[in-house]
Amino acid sequence: MQLNRLFETIYILLNRKNVTAKELSEKFEVSIRTIYRDVETLSATGLPIYMSRGNGGGISLLPEFVLNKTILSDSEKNDILSALQSLNAVNASSTNNTLSKLSTVFGIDSLNWIEVDYSDWSDTKKTVFETIKQATVNRTLLHFNYYNKNGDSSRRTVEPITLWFKDKTWYLKAFCLNKDDFRVFKLNRIQNIEGTNEHFEKKDFPNISASKEVTIQSTKIVIKVDSSQSYRVYDEFDEKDIVKNDDDTYTVTMNFVEDEWVYGYLLSFGNYAKVLEPPHIKDILVDRMKKSLENYS
DNA sequence: CGGCCCACATTTACGGTCAA
DNA sequence: TTGACCGTAAATGTGGGCCG
């Protein structure tokens, strides 16, 4: 990967609306295939780069990106220039280095600081996650159907801000255009997600505690677990939430958003755990087990 | 003759593989 | 990492024939 080729490509794109891969390949004296690979790399940094086919087609940056001064100021353009010059002078070598410089210049925090292994996720969940990730990085609007607790669905258009992992579950912090307010969406309840090319100005998500609207109501649940499950207890909970009892059992305190998942999760301990608090969850679980029993009798 | 449609050509992107 | 080669797809351009 020739380093400054990427920078120069961007610089050319900033000054020209469109350039074909062939043209670039001739300029840089590399093959067309290499140019396409470069574009792939640039795209991976979150740069809104796209290509169009046919006569008059070629490689370009999203016009909003080039024109919008808030995204790319003159000083940032100068940054690119100086980065180019310094690279020419130093002749540095490392793709990672290039990518992080690019990210810095463009103010895009899309580097691989986090890795999510979703090999055992369903295709739907993967799609939802990937679409949100792309839209968050590129700051483009998202459309999706959202199911609330009661199973009612509504079509939403949102400005994604952050993917958020809390209590073993993924959430999306976003600005909802339908409600004209900030909202937190549970990924599991999102369906028929669609990305768009419509850009938006990034807003800062308000402090959770400052806004009641977006507070996620979690329930304090206390369970007593058999010692045979110690591997699960220490694997899945924080040490400070685990109390080892004299009778060789564990008392675990957890805070979860109460929903189907939690009931299933608690039941997954089978007869090795017992819910101590709150009473209403106890009742729900008893009810479920009774119904399960009926199914098998 | 002018306008329309269709088939074909051209230009460009896109992804895979393999060897250097 | 790159280049060479392969096939494929999509958008656009072109030319010829048909029809009113």
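The analysis underlying the following values was restricted to heavy atoms, covering all of them including side chains, and did not include hydrogens, waters or symmetry mates. Below, chain A is the first sequence line, B the second, and so on; all start at residue 1.
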Atom-pair distance (CZ on A/Arg53; C1' on C/dA10), nearest Å: 5 Å

Rounded off to whole Å, could you give me the CD1-to-P distance for the A/Ile35 and B/dC14 pair? 13 Å

Contact class for A/Ile59 vs. all strands (heavy atom < 4.0 Å): base, sugar-phosphate, or nothing? sugar-phosphate

C/dT8 P sits how many Å from A/Arg33 CZ, rounded? 16 Å

Salt-bridge contact A/Lys290-A/Glu294 (side-chain N to carboxylate O under 4.0 Å): no

Whole angstroms only, please: what is the CG-C1' distance between A/Asn18 and B/dT12? 10 Å

Rounded to whole Å, the CD1-C1' distance (A/Ile32 to B/dG15) equals 14 Å

Side chain of A/Met51, heavy atoms from C-beta onward: which of C/dA4, C/dG13, B/dC14 has the nearest atom to it? B/dC14

When rounded to whole Å, the OH to C1' distance for the pair A/Tyr36 and C/dT2 reads 16 Å

Could you give the CG-to-P distance, from A/Asp38 to C/dG3, as a whole number of Å? 9 Å

Electrostatic pair A/Arg155-A/Glu194, nearest N-O below 4.0 angstrom: yes

NZ/NE/NH1/NH2 to OD/OE distance under 4.0 Å, A/Arg288 and A/Asp283: no

Between B/dA13 (P) and A/Glu23 (CD): distance, integer Å: 9 Å

Any N or O donor-acceptor pair linking the side chain of A/Arg37 to the base of C/dG3 at under 3.5 Å? yes

Stepwise, does the side-chain contact (heavy atoms from CB on, under 4.5 Å) test hold for A/Thr196 with A/Leu142? CA-CA 6 Å; A/Thr196 69; A/Leu142 278 174; over 6 Å; no

